[in-house]
Amino acid sequence: MSFTLSKVVPWGRSYEEYISMFSLSPSELSKPILGCSDGPASFNSILNKQNGSIVSVDPLYSCTPEQIQKRIDETYNTVLEQTRENQNEFVWNHIATVEELGKIRMAAMNEFMKDYEKGKKEKRYINASLPQLPFRDKKFNIALCSHFLFLYSEQLTEKFHFESIKELCRVAKIVKIFPVLELGSVKSRHLEAIIKRLEKENFRVKLKKVAYEFQKGGNEMLEIAN
Ligand SMILES: C[S@@+](CC[C@H](N)C(=O)[O-])C[C@H]1O[C@@H](n2cnc3c(N)ncnc32)[C@H](O)[C@@H]1O
């Protein structure tokens with residue numbers, strides 16, 4: 001198992017959280033979307049049921065349903081325990097307690113698990129890894145990346161981030177990344193350098209406030225257009 005697949009936890013957010021993290025409009029939801037690093041999130045399953053056009057990529061999709069379920073079961077209590085220990089790093093407004101958080105995340109992951117085999121056959125869940133994606137240029141209107149780039153800044157280099165974001169820009173017209181914090185709820189150590197490097201290559205880069213905030217101070221997404 002690669003470093004990122006073994007160290008990055010399989011943890012899935014809900015459709016509603018995706019809408020809020022990325023401020024997605026009905027018009028954006030009606031065009032082709034790439035969900036990068038979607039893991040066991042329910043965004044793909046729900047959007048597909050609403051007739052949206054969505055493809056998710058994640059190295060997790062090299063696993064069988066049984067293997068994914070086992071990893072979710074193994075990490076679920078640890079993640080909740082760590083959240084409980086670091087409760088002061090989070091904003092408990094939309095989600096009031098650690099128990100409620102567990103219920104919301106498990107419901108999202110159950111939704112994903114029910115859809116996984118069907119979605120794999122329909123090529124909506126594709127086993128691929130940044131910094132290289134198996135798509136033609138500008139296949140998607142938007143590429144979303146939730147809780148992977150920037151979040152694991154301690155583990156993943158600036159070079160990895162830059163190459164990955166450029167690859168996302170190759171396959172989509174607009175790229176949205178949330179959050180721009182790393183673990184521990186501090187701003188990503190790579191953010192400033194990455195923005196400068198992208199602007200130098202004439203990408204239009206904006207930090208945008210969003211309605212979603214769970215990690216304290218984590219209410220901004222990075223939007224890149226080219
Ligand atoms: C914390 S989860 C986030 C899942 C989902 N996006 C969400 O917000 O609920 C991070 C995901 O990144 C995936 N990942 C790990 N290495 C990756 C890589 N090189 N390229 C793309 N995704 C990767 C992991 O498998 C995992 O599913």
Side-chain angles (χ1 to χ4, degrees), residues 1-22 24 33-47 54-65 67-72 74-76 78-80 82-83 95 101-102 104-113 115-116 119 124-135 142-157 159-168 170-172 175-185 188 210 212-215 218 221:
M1 218 178 257
S2 69
F3 162 77
T4 47
L5 186 54
S6 59
K7 292 282 191 296
V8 177
V9 291
W11 195 233
R13 285 166 187 79
S14 70
Y15 177 78
E16 291 73 24
E17 288 182 285
Y18 265 64
I19 301 288
S20 174
M21 289 185 293
F22 295 113
L24 291 168
I33 297 181
L34 172 68
C36 186
S37 315
D38 273 350
S42 63
F43 182 68
N44 186 314
S45 175
I46 304 281
L47 186 58
I54 167 83
V55 172
S56 300
V57 290
D58 197 300
L60 187 69
Y61 307 150
S62 62
C63 300
T64 63
Q67 287 168 328
I68 297 181
Q69 189 63 57
K70 188 163 173 275
R71 291 202 66 218
I72 291 172
E74 280 166 1
T75 42
Y76 180 77
T78 315
V79 174
L80 287 193
Q82 280 171 359
T83 310
I95 300 171
L101 174 74
I104 292 173
R105 295 290 150 80
M106 204 40 130
M109 292 190 275
N110 287 339
E111 173 70 37
F112 162 83
M113 287 307 308
D115 183 51
Y116 180 53
R124 283 186 288 112
Y125 296 115
I126 294 181
N127 167 26
S129 302
L130 288 172
Q132 269 164 8
L133 298 172
F135 305 112
I142 298 188
L144 308 174
C145 185
S146 154
H147 292 86
F148 176 60
L149 289 174
F150 295 126
L151 190 65
Y152 294 91
S153 288
E154 188 183 347
Q155 294 83 354
L156 302 167
T157 62
K159 180 172 183 282
F160 177 87
H161 278 75
F162 189 59
E163 285 172 4
S164 296
I165 293 172
K166 280 189 66 173
E167 179 69 347
L168 288 165
R170 182 184 67 75
V171 301
V175 174
K176 298 185 180 196
I177 303 170
F178 182 92
V180 292
L181 302 184
E182 57 181 69
L183 293 172
S185 296
S188 158
V210 297
Y212 185 92
E213 183 177 359
F214 184 51
Q215 276 178 295
M221 68 165 159

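None of these values were measured; they are calculated from a predicted model. For ligands, and for the atoms within them, numbers begin at 1 and follow the listed sequence.
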Looking at [X], which atoms of ligand 1 are within less than 4.0 Å of one of its heavy atoms?
X: Trp11; result: 2 (S), 3 (C), 4 (C), 5 (C), 7 (C), 9 (O)
X: Tyr152; result: 1 (C)
X: His147; result: 1 (C), 2 (S), 3 (C), 8 (O), 10 (C)
X: Gly39; result: 27 (O)

Check: Does any non-hydrogen side-chain atom of Thr83 lie less than 4.5 Å from one of Arg105?
Finding: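 A side-chain contact under 4.5 Å is absent here.
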Next item on the list: Kindly indicate whether the side chain of Leu130, heavy atoms from C-beta on, has any atom under 4.5 Å from the side chain of Glu163.
Entry: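 SC-SC contact between Leu130 and Glu163 ruled out.
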Check: Has Arg13 got its NZ or CZ under 6.0 Å from the middle of the six-membered ring of Phe22, at an angle within 45 degrees of the ring axis?
Finding: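 Cation-pi check for Arg13 and Phe22: fails.
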Notebook entry, point to check: Is there a heavy atom in Gly12 that sits closer than 4.0 Å to ligand 1?
Noted result: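 Judged by the 4.0 Å heavy-atom criterion, Gly12 does count as contacting ligand 1.
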Note to self: Does the residue Phe43 have a heavy-atom contact with ligand 1, meaning some pair of atoms that are separated by less than 4.0 Å?
What the structure shows: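 No, Phe43 has no heavy atom closer than 4.0 Å to ligand 1.
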Would [X] count as a polar contact of ligand 1, with the cut-off being nitrogen or oxygen pairs under 3.5 Å?
X: Pro40; value: no
X: Ser146; value: yes
X: Ser129; value: no

Next item on the list: Determine the interplanar angle of the Tyr61 and Tyr125 rings, folded into 0 to 90°, and report it as parallel if under 30°, tilted if 30 to 60°, perpendicular if over 60°.
Entry: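 Plane angle over 60°, so perpendicular.
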Notebook entry, point to check: Between Phe148 and Phe160, what is the ring plane arrangement, given parallel below 30°, perpendicular above 60°, and tilted in between?
Noted result: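 Aromatic pair Phe148/Phe160 classed perpendicular.
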Just heavy atoms, cut-off under 4.0 Å: does [X] contact ligand 1 by side chain, backbone, both, or neither?
X: Phe112; result: neither
X: Pro59; result: side chain
X: Tyr18; result: side chain

Margin query: Looking at non-hydrogen atoms alone, which of Asp58, Val79, Ile68 comes nearest to atom 11 (C) of ligand 1?
Written below: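 Ranked by closest heavy atom to atom 11 (C) of ligand 1, first place is Asp58.
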Margin query: I need the minimum non-hydrogen distance between Pro59 and Asn127, along with the two atoms involved.
Written below: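 Looking at all heavy atoms of both residues, the shortest contact is CA-OD1, 3.5 Å.
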Checklist line | Leu47 versus Ile54, closest heavy-atom pair with distance | finding: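 Where Leu47 meets Ile54 most closely, the heavy atoms are CD2-CB, 3.9 Å.
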Checklist line | Backbone N/O of Phe112 and side chain of Ser45: donor-acceptor pair under 3.5 Å | finding: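 Pair absent, no side-chain N/O of Ser45 close to backbone of Phe112.
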Item checked: Residues Glu167 and Arg170 bridged, charged N to O under 4.0 Å ->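 Salt bridge flag = yes for Arg170 with Glu167.
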